[in-house]
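Input: a single structure, listed below in structure tokens.
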Amino acid sequence: MEFQVTEAMRRDHVWTCQRNETSHGSWTSHTVAVVDQSGSMRNADLADGATRSDAVWLTLAKDFVALRLETKEASGTDVFSLVLMNKDSTVMFRHRPIDWLLYNDLVEQLRTAEPMSEGNYFPALDAAEQLLLSNTHGSCALMLVFLSDGKPSDRLPTNAQLNLGSRSMSCRYRLLVEARISILASQFGRRLTVATIGFGPTKEDFSVLDAMAAASEDYGSVGIFQAPSLTVESLGGAMSSLTLSLTETKTELTQLGGESLQRTVRSIVRESRRAVDETRLSDNWIHYTPESVLRLVKRDSHRSSWVDFVVENWVGKDGGFVENEGRYGLAMKKTVFGEGAERMVRKFRLVSRQGTFYGPPMVAKESRFAEDISYSTSLEFHTKFCDTQAQAQRLAKKFNEKLSLVPGVTDRTPRVQFLKCMVFVVMDNNQGRIGLLVEDMLDPTKYMKWNNNAGHVAGQVAAPAHQQGGPLFDLKEEEEEEDCNPDADSIRNVSISIEDADIPQAFTHFTYRHSRRKMMVCDLQGVLKTDCTPPEFQLTDP
């Protein structure tokens, strides 16, 4: 089973280790695996007589390392750390590049590992957290793999017993571990995948592992819980599914390329998706008084300039404006409740002098990177965002016009709209003059992504190699901005049935054809608003 490592491989391993330690920006992923090494992992209850521990080392070596190296899914920029979990957790490997030397060292654990004692979750989570915190670069995908054959063995601290009252021991463990995972997920958000694996008898209690994965999702992380059967094949399948998830995150985080790979993600606190919305100003918000609000501007992309805009024309004149004679303050939530590859999102409200919110709920978007905090760099960020969204809206208007001519399209067929965005220029007590990019808030419970920059389409397992044309796609190729109607050769004179989910992908295809293959609007995300006629895909951040 041992791989024959050449001297060239050893030299490359040493060089890669040195690079990874001195340049964290070169990492594309960091997986921290916590492996249960309590006494029960010695049980030889697998079908072929192997121990549970042996099965874990075998699948980590073969399915997580060897297979990914053979398919070039992983390389030296993918980093691996290992924590052995028993009574006192031990960091066995720290920041190791995924290569054939790591494969051999994992195989060696088949001969040298000695499961014993208890399986204490909390010391293992302490060690894993420190390892995950070792890289702050936004392009590094993070994965915590937590594998155990049973529930925690930890003795709860006295204060935890008091705070949790008369709940069952299993419930106490679950609540405390959920809290620990929530802290991790609130720090890393979408960069983090929490993958828990229960590898034990069918009747074993894995409720704590299940709760760990679920808790991470409240803060935008990916949560995966699996309980494979006691076979090497089943555990290998579970491990392979995790590598697919990690690869998707890597692709999403590194698709920007260039200098963004070396940029540092800002240190922020994320908000749980279960957080209750507030109706009044509190200490959870950053407050800008009416006196500190300098301007509200919108982007005129045709003239490449910013122009003043009146807030009443955006949100409408309601009681709040009348009461305050047009004067309003602003409130932005301190915690972040959403994030994308480049941007993070906070809740945002207009606020009266009395501290009550009015007008529609809004969001403020800002760069995820520490290098973009200054006013000048943030203005560049806002300019790019608003120009892109305005260009997408112009294409959406063209698409909607052509869509209305397609046989089978009715007033129940959704159209495409991109949100308008504005920038409030304010004087911040700490940062001085700053710009806050603001747009209407979309319903988070209905928010989804219909396609992305990597070719993924919602509901589609894999992108087809070739897609036959149809009425939604057979629109005449033309110069961008050219206004012409499709003729008989452009749209087939047949009645068709159109599913709502067809519209976003058709729009992306249309932008490619309409611009004569010069551009394609994708990464379509937002909500489908059905309480209007016709319904609308309200989209943002393409």
Side-chain angles (χ1 to χ4, degrees), residues 1-3 5 13 28-38 40-44 46-48 50-86 89-115 119 124 127-128 131-132 141-150 193-200 209 213 224-247 249-250:
M1 270 189 74
E2 186 171 331
F3 187 86
V5 176
H13 170 80
T28 52
S29 73
H30 183 198
T31 298
V32 178
V34 175
V35 176
D36 190 347
Q37 287 292 276
S38 61
S40 58
M41 291 292 286
R42 292 197 308 265
N43 289 341
L46 272 70
D48 56 1
T51 68
R52 301 174 188 175
S53 179
D54 289 344
V56 172
W57 300 125
L58 184 62
T59 54
L60 277 174
K62 290 181 61 178
D63 297 286
F64 194 80
V65 177
L67 184 61
R68 297 172 69 209
L69 289 173
E70 291 168 352
T71 59
K72 301 188 184 305
E73 185 182 323
S75 66
T77 61
D78 296 289
V79 178
F80 180 83
S81 298
L82 175 65
V83 177
L84 303 183
M85 180 178 72
N86 41 42
S89 293
T90 304
V91 178
M92 176 63 69
F93 302 146
R94 186 187 302 271
H95 304 164
R96 289 281 301 272
I98 292 185
D99 56 18
W100 289 109
L101 281 83
L102 174 62
Y103 168 84
N104 284 344
D105 287 343
L106 289 170
V107 170
E108 180 66 17
Q109 292 297 312
L110 285 165
R111 295 185 283 270
T112 60
E114 297 180 350
L131 289 165
L132 290 169
L142 302 175
M143 175 176 280
L144 170 62
V145 179
F146 201 101
L147 189 149
S148 177
D149 67 349
T193 297
V194 176
T196 57
I197 299 177
F199 190 57
L209 290 174
I224 303 171
F225 167 70
Q226 300 179 88
S229 61
L230 283 171
T231 66
V232 172
E233 293 76 17
S234 183
L235 182 58
M239 199 66 68
S240 295
S241 70
L242 300 186
T243 65
L244 291 174
S245 177
L246 181 60
T247 298
T249 305
K250 280 173 53 179

Mind checking the [atom1]-[atom2] spacing from [X] to [Y]? Nearest 0.5 Å is all I need.
{"X": "Glu233", "Y": "Asp63", "atom1": "CD", "atom2": "CG", "value": "9.5 Å"}
{"X": "Leu46", "Y": "Thr231", "atom1": "CG", "atom2": "OG1", "value": "7.0 Å"}
{"X": "Glu70", "Y": "Trp100", "atom1": "CD", "atom2": "CH2", "value": "4.5 Å"}
{"X": "Arg68", "Y": "Ile98", "atom1": "CZ", "atom2": "CD1", "value": "4.0 Å"}
{"X": "Met92", "Y": "Gln37", "atom1": "CE", "atom2": "CD", "value": "8.5 Å"}
{"X": "Thr31", "Y": "Leu82", "atom1": "OG1", "atom2": "CG", "value": "11.5 Å"}

Side chains of [X] and [Y]: does their closest heavy-atom pair fall under 4.5 Å?
{"X": "Val56", "Y": "Met41", "result": "yes"}
{"X": "Leu242", "Y": "Ile197", "result": "yes"}
{"X": "Met85", "Y": "Ser38", "result": "no"}
{"X": "Phe3", "Y": "Val107", "result": "no"}
{"X": "Thr243", "Y": "Leu67", "result": "no"}

Closest approach of [X] and [Y], non-hydrogen atoms and distance?
{"X": "Gly76", "Y": "Pro97", "value": "O-CB, 3.6 Å"}
{"X": "His30", "Y": "Leu131", "value": "CE1-O, 3.2 Å"}
{"X": "Val34", "Y": "Ala128", "value": "CG2-CB, 4.0 Å"}
{"X": "Leu246", "Y": "Met143", "value": "CB-CE, 3.7 Å"}
{"X": "Val194", "Y": "Ala213", "value": "O-CB, 4.0 Å"}
{"X": "Pro228", "Y": "Ala238", "value": "CG-CB, 4.2 Å"}

Please check if the side chain of [X] supplies one atom and the backbone of [Y] the other of a donor-acceptor pair under 3.5 Å.
{"X": "Ser148", "Y": "Gly150", "answer": "yes"}
{"X": "Asn104", "Y": "Leu101", "answer": "no"}
{"X": "Lys250", "Y": "Glu73", "answer": "yes"}
{"X": "Ser53", "Y": "Arg42", "answer": "no"}

CA sep, side-chain torsions, deciding dist, call: Asp105, Arg96, side chain to side chain contact (heavy atoms under 4.5 Å, CB included)
CA-CA 11 Å; Asp105 287 343; Arg96 289 281 301 272; 2.8 Å; yes
What do you reckon, is CZ of Arg94 surrounded by more than 12 foreign heavy atoms closer than 6.0 Å?
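Atom CZ in Arg94 is not packed in, count stays at 12 or less.
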Does a sphere of radius 6.0 Å around CD in Glu114 hold more than 12 heavy atoms from other residues, nucleotides or ligands, not counting ones at 6.0 Å or beyond?
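Counting neighbours around CD of Glu114, 12 or fewer heavy atoms of other residues, nucleotides or ligands fall under 6.0 Å, so no.
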Which label fits Phe64 and Phe80: parallel for a plane angle under 30°, tilted from 30 to 60°, or perpendicular past 60°?
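If you compare the ring of Phe64 with that of Phe80, the planes turn out tilted.
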Quick one: do Leu235 and Leu147 satisfy side chain to side chain contact (heavy atoms under 4.5 Å, CB included)? Show the steps, please.
CA-CA 10 Å; Leu235 182 58; Leu147 189 149; 4.0 Å; yes
Can you pull out every salt bridge (charged side-chain N to carboxylate O under 4.0 Å, His left out) where at least one residue sits in residues 50-62? Sequence neighbours excluded, please.
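Non-adjacent pairs meeting salt bridge (charged side-chain N to carboxylate O under 4.0 Å, His left out): Asp45-Arg52, Arg52-Asp149.
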Verify side chain to side chain contact (heavy atoms under 4.5 Å, CB included) between Val35 and Gln109, making sure each step is shown before the conclusion.
CA-CA 12 Å; Val35 176; Gln109 292 297 312; over 6 Å; no
Assess the residue pair Phe199 and Leu230 against the criterion (side chain to side chain contact (heavy atoms under 4.5 Å, CB included)); give the C-alpha distance rounded to whole Å, side-chain angles, the decisive distance to 0.1 Å, and a yes or no.
CA-CA 7 Å; Phe199 190 57; Leu230 283 171; 3.9 Å; yes
For Trp57, which residues count as a ring-ring contact (aromatic ring centres under 6.0 Å, His included) partner, sequence neighbours excluded?
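Trp57: no ring-ring contact (aromatic ring centres under 6.0 Å, His included) contacts found.
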